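Read the structure below first, then the notes.
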Amino acid sequence: MATTYEPIATTTLGSTASSYTFSSIPGTYTDLILTIAGYQSGGSGDFVGFQFNNDTSTTYSNTYFGGNGSTTFTGRASNYTNSRFGALYPTGQANIICHIQNYSNTVTDKAAISRSNSPGDNAVAFVNLWRSTSAISTIKILIEANNFQSGTTFTLYGIKAA
């Protein structure tokens, strides 16, 4: 069986940071997969979000649902300057995976589906929309209130056409 995920870039932080950016993303894949494994520096959970192509306008929205073993929750956010796709905590490694569909297409808006598991929010899924037909060449990953801890790893994969 042929491998369809091709690593584009990976980095492990050597110090704390408030964001990380993948730039100059080639448009040669059908979709992108973004993974994060790590922690954040604050006292409680903190959402992780992204911006495409340095767009800080209010063109992002998401719907989410999740549960922690005893409680479930759902919600929706519209007209934000970034979109959320998971949460990180100061203790217990969180793992986030995000599938960015048709990222190089210039006809449709961009959709991203993500899921994360971490202490506190054991499982959360997000469906995100970026209301732009621009091809994605830059992904800025940001944390809303704290910093990513040293040792957090970001990896970007391209999915090759079948």
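The structure presented is a predicted model; accordingly, all values stated were derived computationally and were not measured.
Between the side chain of D31 and the backbone N or O of I159, no donor-acceptor pair lies under 3.5 Å. A donor-acceptor pair is defined here as one N or O able to donate and one able to accept, closer than 3.5 Å; such a pair exists between the side chain of Y60 and the backbone of F52. At least one donor-acceptor pair closer than 3.5 Å links the side chain of N53 to the backbone N or O of S137. Remark: side-chain polar atoms of S150 are paired, donor with acceptor, to backbone N or O of G14 under 3.5 angstrom. Panel note: side chain Q149, backbone Q40; a donor-acceptor pair is recorded below 3.5 Å.
Atom CG of N95 and atom OG1 of T35 lie 8.5 Å apart (nearest 0.5 Å). Of the inter-residue distances, the one linking S19 atom OG with I143 atom CD1 reads 10.5 Å to the nearest 0.5 angstrom. Residue T155 holds its OG1 atom at 12.5 Å from OH of Y5, rounded to the nearest 0.5 Å. Note that OG1 of T21 and CD1 of I141 are 7.5 Å apart. Values are rounded to the nearest 0.5 Å. S18 contributes atom OG, which lies 5.5 Å from atom CG of N147 (distance to the nearest 0.5 angstrom).
Under the rule for a side chain to side chain donor-acceptor pair (under 3.5 Å), Y64 has no partner lying at least two apart in sequence or in another chain. Considering only residues two or more places apart in sequence or on other chains, S104 meets the side chain to side chain donor-acceptor pair (under 3.5 Å) condition with none of them.
No hydrogens or angles considered: nothing links the side chains of E6 and Y157 as a donor-acceptor pair under 3.5 Å.
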Going through the checks in order, is the side-chain hydrogen bond (donor to acceptor under 3.5 Å, both in side chains) test met by W130 and D55?
CA-CA 10 Å; W130 179 44; D55 181 2; 2.8 Å; yes
Does L156 form a side chain to side chain contact (heavy atoms under 4.5 Å, CB included) with T10? I'd like the steps, not just the answer.
CA-CA 6 Å; L156 184 65; T10 190; over 6 Å; no
Verdict with reasoning, K160 to T30, per side chain to side chain contact (heavy atoms under 4.5 Å, CB included):
CA-CA 6 Å; K160 296 186 241 178; T30 59; over 6 Å; no
Could you go through the side chain to side chain contact (heavy atoms under 4.5 Å, CB included) check for F50 and L142 one step at a time?
CA-CA 6 Å; F50 58 80; L142 48 104; over 6 Å; no
Does the pair F148 and F154 meet the rule for a ring-ring contact (aromatic ring centres under 6.0 Å, His included), with working shown?
CA-CA 11 Å; F148 295 107; F154 305 92; 5.1 Å; yes
Derivation of the side chain to side chain contact (heavy atoms under 4.5 Å, CB included) call for N117 and I96:
CA-CA 7 Å; N117 67 318; I96 301 169; over 6 Å; no
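With F126 as the aromatic partner, R84 does not meet the cation-pi criteria of under 6.0 angstrom to the ring centre and within 45 degrees of the ring axis.
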Donor-acceptor pairs under 3.5 angstrom involving side-chain atoms of residues 69-82: please list them, not counting sequence neighbours.
from, atom 1, to, atom 2, distance (Å)
S70, OG, N68, OD1, 3.4
N79, OD1, R131, NH2, 2.8

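Of all heavy-atom pairs between S134 and S132, the closest is N-OG, 3.1 Å. Contact between K110 and N105 at its shortest, heavy atoms only, is NZ-O, 2.8 Å.
Side-chain contact between T152 and Y20: absent, with no pair of heavy atoms (C-beta onward) separated by less than 4.5 Å. Looking at F85 and N62, their side chains never come closer than 4.5 Å, going by heavy atoms from C-beta outward. Under the 4.5 Å side-chain criterion, counting only non-hydrogen atoms from C-beta, I136 is in contact with I100.
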